[in-house]
Amino acid sequence: MTKGYKMPKDFLWGGAVAAHQLEGAWDVDGKGVSIADVMTAGRNGFPRKVTDGVKDGEIYPNHWGNDFYHRYSEDDRLFEEMGFKCFRTSIAWTRIFPNGDESEPNEAGLKFYDDLFDDLLSHGIQPVVTLSHFEIPYHLVKVYGGFSNRKMIDFFVHFAKTVFKRYQDKVKYWMTFNEINNQTAWSDPHPLLQNSGLQLSKDDNWEQAMYQAAHYELVASALAVQAGHAINPDFQIGCMVAMCPIYPLTAKPADVMMAERAMQKRYWFGDVHCLGEYPKWLPKYFERKGFDMDITAADLATLKAGTVDYVGFSYYMSFVTKGRDGDSDYDFKEPDDFVENPYVEKSDWGWQIDPTGLRYAMNWMQDRWHLPQFIVENGFGAYDKKEADGSVHDDYRISYFRDHILAMEQAVVLDGVDLIGYTPWGCIDLVSASTGEMAKRYGFIYVDADDNGQGSFDRSKKDSFNWFQQVIVSDGEDL
Ligand code: BG6
């Protein structure tokens, strides 16, 4: 056993999921079709396809998830047994507003989350809720073009106010848009669709479209923050960024400058969320690129008035980049400008494993944004083998968590980072967002289901279950 550092008694240990990746029940109790419902199964190295509506003969893994919709009370009991103090999930927008543009919500959808939150609270677990986690109503994509359209601001704020009011006595910690910054790369076609509901081809001016959509999302987020605080001043409403620090390959000045620009391009979203302002470099970039942006003075005032209370972030990996000879624009492009890091290992899906990067990132964010932080995703996707006796010996996962939790504790105890909690991703096996696989497992709890939705969906504990329980009982000291 490794000796860690004791975390404060009120530290929020828990686990994280997203509605569309585990609930299943995609067309039950009045739920509408979301983006995730039209994404087919992919696999390691093969992206998912997006179909024009739900088509016969295609496989849509989010339609069944891990059947949490029908089994959550069994799962909540297991979470309590592990010692969870909180549980991060999202509200499927399409359960509340099936098409997204209705004025009246769907009562059956609201009731589902009432029941879920009540059940969690009865187990001493507080819900932590993301409003939009890659599950925009598909109707809003088809009819309005997603967040390319300013009207989306009103639809989102209406959704936010509806659930803020309904759950104001059950939920304290909220986040607006999951991994809002995970749309800066062109990769066919999901990041833009999942984050902003944009369906574009590479030939479209996708980069300008991304900046515009992100601007509308940031305005929507700032309005939601203000509305939430008016409904319940105790609400803590955060942003959610995908934190993957980007290092220079060498000390060569061009590599260092390229890494700086790479960080600017990935984290300006956080600057706007946390500081309420666009960083200086960005208008210059828009000008140089000839991007004609719809950003009004009223929008800028809204951004300033709707800054977040904390920085929610995911951390899985770091990246590395290098400068290009003779290029002083430093127009970093993801993923083309990434290079291999010779110093770290990778997962089976090529994700670089770098616990020190977590400590580095936490320090970097503390110095830049001066807000409390909340690690709302971290984890290791791996192929697990279930033994004949039902056990899963996932020592590789324990080892990943041990190293990352230690780095997190060092950031808190040695470096003074203000951290609210830690919710490992996919605490129960669920459908992978990028590939749609069940085989890419993150959980402490094994779910007996395969990529095609075959299996009993029974739950069982992996070795990491007992290990994480021990971590929580010891306040993070026994790793
Ligand atoms: C984050 C997302 O990008 O990473 C989650 O917020 C996602 O929705 C998680 O599941 C892990 O990624 P993947 O592709 O392995 O499921």
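Counting convention: from 1, in listed order, for ligands and their atoms alike. It should be emphasised that the depicted structure is a prediction, and the values quoted were computed from it without experimental measurement.
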#### Entry: Residue from Lys440, Arg441, Arg397 passing salt bridge (charged side-chain N to carboxylate O under 4.0 Å, His left out) with Asp384
Arg397

### Query
Do Asp101 and Tyr144 meet the criterion of a side-chain donor-acceptor pair at a distance under 3.5 Å?
yes

### Message
Side chains of Asn66 and Arg459 only: does a donor on one sit below 3.5 Å from an acceptor on the other?
### Response
yes

Short N or O contacts of ligand 1 with protein, under 3.5 Å, listed by atom name?
| from | atom 1 | to | atom 2 | distance (Å) |
| --- | --- | --- | --- | --- |
| ligand 1 | 3 (O) | Glu179 | OE1 | 2.5 |
| ligand 1 | 3 (O) | Glu179 | OE2 | 3.1 |
| ligand 1 | 4 (O) | Tyr316 | OH | 3.4 |
| ligand 1 | 4 (O) | Glu377 | OE1 | 3.3 |
| ligand 1 | 6 (O) | His133 | NE2 | 3.3 |
| ligand 1 | 6 (O) | Asn178 | ND2 | 2.9 |
| ligand 1 | 6 (O) | Glu377 | OE1 | 3.2 |
| ligand 1 | 6 (O) | Glu377 | OE2 | 2.7 |
| ligand 1 | 8 (O) | Gln21 | OE1 | 2.7 |
| ligand 1 | 8 (O) | His133 | NE2 | 2.8 |
| ligand 1 | 10 (O) | Gln21 | NE2 | 2.8 |
| ligand 1 | 10 (O) | Trp425 | NE1 | 3.3 |
| ligand 1 | 14 (O) | Ser432 | OG | 3.3 |
| ligand 1 | 14 (O) | Ser434 | N | 2.9 |
| ligand 1 | 14 (O) | Ser434 | OG | 2.4 |
| ligand 1 | 15 (O) | Lys440 | NZ | 2.7 |
| ligand 1 | 15 (O) | Tyr442 | OH | 2.5 |
| ligand 1 | 16 (O) | Ser432 | OG | 3.2 |
| ligand 1 | 16 (O) | Ala433 | N | 2.7 |

### Task
Name all pairs fulfilling the salt bridge (Lys or Arg N to Asp or Glu O under 4.0 Å) condition that reach into residues 353-382, sequence neighbours left out, sorted by first residue then second.
Arg88-Glu377, Asp271-Arg368, Arg359-Asp415

### Summary
Phe164 meets the ring-ring contact (aromatic ring centres under 6.0 Å, His included) criterion, sequence neighbours left out, with Trp174, Phe235

Show the atom names and distances, to 0.1 Å, of all donor-acceptor pairs under 3.5 Å that link a side chain in residues 420-428 to residues at least two apart or in another chain.
| from | atom 1 | to | atom 2 | distance (Å) |
| --- | --- | --- | --- | --- |
| Tyr422 | OH | Asn378 | OD1 | 2.7 |
| Thr423 | OG1 | Ile375 | O | 3.4 |
| Thr423 | OG1 | Val376 | O | 3.0 |

